Amino acid sequence: MKKNIIIGGAWPYANSSLHLGHIAGLISGDVLARYYRLKGENVLYVSGSDCHGTPITERARKEKRTPREISSKYDEEFRKMFDGYNFSYDLYSKTDTEYHKNKVKELVKRLYDNGYIYEKIEKEPYCENCGRFLSDREIKLTCPECGTDTKGDQCDKCLHVPTTEELMHGNCIECNSKISEKENKVLYLSLSKFQKQIEEHTKNVNHEWRINAQNETSKYLKQGLKDRAITRNLDWGVDVPIDGYEEKKLYVWIDAVLGYLTNTMKICEENGLNWEEYWKQGHNNKIYMCHGKDNIVFHSIILNALLLGQEDNYHLVDTIVSAEYLNYDNQKFSKSKGIGITALEALDMYDSDSLRYYLIGNGPEKKDTNFSSDEFVAVHNNEILNKFGNLVNRTLKFKGLTVLPKGKLDDEMLEMCKKTYEKVGKLIEELEFREAVREIMILVENTNKYYDTQEPWKQKKEDETGFNNTIYTCSVIIANLSNLFEPVMPEACSKLKKYLKLNNSSWNVIEELAEDISLENIEPLFTRI
């Protein structure tokens, strides 16, 4: 029975260009989506641009533009970027579509009707000078946990989320005035009511999670879940579907994480599918969330609480795929300091498959890693080009060959290939993408060794049968590499499938190739940097 798999990629704020670190945090979703499609599972891979919230209104205010103008500009840029990196989203949407907003309002209203949202009058941060209430992100303060200067939504260094009381010790980002207090009417999500259910669920599934997700979620659960405000004093966002709150908007993270669900509903509606088979219990389903380590609790706790609060048999998030940070030349990416390059700038400089290979094979899975141009060029030239590209070139572009010869597939090479599928599949499902890439490259290296040992340049003159067997065996391995490498380097693999007349991709060993494969128009997959 096929699995119904949801893979959610975190929704980037549409307020500035994305850098390579963002790609490193999100690309695991594309690896999983491509892998499970190769296995024949029912996959829906969804994400979109987060068009609401304080970061966008901040930028709009500074640039004297509307939030929609800002978010539309970056949404367009994001789509171009994700296309350039060959992310295979089934739907990449944005949070300011009417469909998304209406569905979110329905879900929030149900939470309210079920008794999980309540009203509270409380003192909130207020700037007398600016004459308005401030969201957490509009406040700067010294983190009470680690002493770092940070914004009030979350400490970049230790990931502590300041309490309302702690925010009162901060200053307004806009004018630097000291924060004062003013009473405000707020809606709260009763997060504390879900403590036991989320603890039990986390205990059952977190053995699959990265250690950072286990630790961060455990920290919040040990502290005890605290109810969280879900309304903001903004004029840009999703309307609050509750009487008396017409002048407020929903907190952006409530809106954004529900986007995985609303996107699924949209796809299924348009394609005659049943969205409940992906999001309700009892349908052989699995849900992955892929993002950076700063987004963990929003997916491991808040999203699950929103689903539980529907009281409608929802399947909770199974697997948190949370990356550490990617640095640039051993420094944190910083646009203001000119450190690093944007994801689009990288595409202008380098091949997208090579960037994907590097970010997957050297990515920040378990610890922060570093991107340097010198190291990237070395990986491209020494691994991708000299090993994989060279194997393809010297096999399919062998001097004098115009048609692939029919030969006998070497049994040992076939067995090695079968074991590679098994190892790589297991590693991908265990979220060990770096090791998966290494295992595929070991097959490339061993195929090159086989080629060298057979010496086809001599066989061509002395042993035609041996020559045919060598070239055919290497070609069959290359065909299998087009499957194995597809989650990593889809563009090159697409070319190989065309060259070798492979009509369908799958996670199954290819043992035979079509007749009369022409070798006259084979182009190199990669060029030296």
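Quick caveat, the model's predicted, so the values are computed rather than measured.
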From [X] [atom1] over to [Y] [atom2], what is the distance, rounded to the nearest 0.5 angstrom?
X: Glu76; Y: Ser71; atom1: CD; atom2: OG; value: 11.5 Å
X: Cys493; Y: Arg34; atom1: SG; atom2: CZ; value: 9.0 Å
X: Ile7; Y: Leu44; atom1: CD1; atom2: CG; value: 9.0 Å
X: Ile198; Y: Asn304; atom1: CD1; atom2: CG; value: 6.0 Å
X: Leu308; Y: Gln197; atom1: CG; atom2: CD; value: 4.5 Å
X: Ile477; Y: Ile510; atom1: CD1; atom2: CD1; value: 10.0 Å

Electrostatic pair [X]:[Y] at N-O distance under 4.0 angstrom:
X: Lys426; Y: Glu430; answer: yes
X: Asp96; Y: Arg68; answer: yes
X: Lys419; Y: Glu422; answer: no
X: Asp136; Y: Arg232; answer: yes
X: Glu41; Y: Lys2; answer: no
X: Lys280; Y: Asp312; answer: yes
X: Arg438; Y: Glu435; answer: yes
X: Asp30; Y: Arg356; answer: yes
X: Glu445; Y: Lys387; answer: yes
X: Lys109; Y: Asp113; answer: yes
X: Lys286; Y: Glu208; answer: yes
X: Glu486; Y: Lys497; answer: yes
X: Glu269; Y: Lys266; answer: no
X: Lys3; Y: Glu277; answer: no
X: Arg37; Y: Asp90; answer: yes

Starting from the C-alpha separation in whole Å, work towards a yes-or-no answer on side-chain hydrogen bond (donor to acceptor under 3.5 Å, both in side chains) for Tyr36 and Tyr288.
CA-CA 12 Å; Tyr36 280 118; Tyr288 289 86; 2.6 Å; yes
Side chain proximity check, [X] to [Y], heavy atoms < 4.5 angstrom:
X: Glu324; Y: Asn212; answer: yes
X: Phe82; Y: Leu26; answer: yes
X: Ile442; Y: Thr420; answer: no

Pair Trp11, His52 - check ring pair (Phe, Tyr, Trp, His ring centres under 6.0 Å), show working.
CA-CA 11 Å; Trp11 296 52; His52 299 140; over 10 Å; no
Look at the side chain of [X] and the backbone N and O of [Y], then say whether any donor-acceptor pair between them is shorter than 3.5 Å.
X: Asn263; Y: Tyr92; value: no
X: Ser494; Y: Pro490; value: no
X: Asn295; Y: His291; value: no
X: Trp507; Y: Tyr421; value: yes
X: Asn285; Y: Tyr278; value: yes
X: Trp209; Y: Asp318; value: yes
X: Trp236; Y: Cys51; value: yes
X: Asp329; Y: Gly340; value: no
X: Ser190; Y: Lys193; value: no
X: Asp368; Y: Pro364; value: no

Count the heavy atoms belonging to other residues, nucleotides or ligands that lie under 6.0 Å from CD of Glu345, then report whether that count exceeds 12.
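Correct, the count exceeds 12.
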Does atom OH (Tyr328) have a neighbourhood of more than 12 heavy atoms from anything else shown, all under 6.0 Å?
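Buried by this count: over 12 neighbours within 6.0 Å.
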Of the non-hydrogen atoms in [X] and [Y], which two are nearest, and what is the gap between them?
X: Ile56; Y: Pro67; result: CG2-O, 3.6 Å
X: Arg110; Y: Glu311; result: NH2-O, 3.9 Å
X: Ser322; Y: Arg210; result: O-NH1, 3.5 Å
X: Ala229; Y: Val186; result: CB-CG1, 3.6 Å
X: Tyr85; Y: Ala346; result: OH-CB, 3.5 Å
X: Ile23; Y: Ala343; result: CG1-CB, 3.7 Å

Are Phe388 and Tyr357 an aromatic pair, judged by ring center distance below 6.0 Å?
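No; Phe388 has its ring centre 6.0 Å or more from that of Tyr357.
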Between Tyr358 and Phe371, does the ring centre distance come in under 6.0 Å?
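Under 6.0 Å, so yes.
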Hey, can you tell me if Tyr116 and Phe194 have their rings parallel, tilted or perpendicular (30° and 60° cut-offs)?
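Correct class here is tilted.
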Start with the C-alpha distance between Asp227 and Tyr118, add both sets of side-chain angles, then the distance that settles side-chain hydrogen bond (donor to acceptor under 3.5 Å, both in side chains), and finish with yes or no.
CA-CA 10 Å; Asp227 296 351; Tyr118 63 91; 2.7 Å; yes
For Lys80 and Glu77, what are the C-alpha separation, side-chain angles and deciding distance, and is it a salt bridge (charged side-chain N to carboxylate O under 4.0 Å, His left out)?
CA-CA 5 Å; Lys80 179 181 178 183; Glu77 182 179 304; over 6 Å; no
Under the side-chain hydrogen bond (donor to acceptor under 3.5 Å, both in side chains) criterion, do Thr217 and Ser300 qualify, and how do the steps go?
CA-CA 7 Å; Thr217 303; Ser300 66; 2.8 Å; yes
Only one of Lys219, Gln154, Glu166 passes side chain to side chain donor-acceptor pair (under 3.5 Å) with His160; say which it is.
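For His160, the side chain to side chain donor-acceptor pair (under 3.5 Å) test succeeds with only one of Lys219, Gln154, Glu166, which is Glu166.
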Side-chain donor-acceptor pair present, [X], [Y], cut-off under 3.5 Å:
X: Asn370; Y: Asn327; value: no
X: Glu491; Y: Asn86; value: yes
X: Ser354; Y: His380; value: yes

Would you sort out whether His100 and Thr95 count as a side-chain hydrogen bond (donor to acceptor under 3.5 Å, both in side chains), showing the intermediate values?
CA-CA 6 Å; His100 170 77; Thr95 57; 5.1 Å; no
Which one of Asn15, Val252, Asp75 satisfies the side chain to side chain contact (heavy atoms under 4.5 Å, CB included) criterion with Asp50?
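Result for side chain to side chain contact (heavy atoms under 4.5 Å, CB included) with Asp50: Val252.
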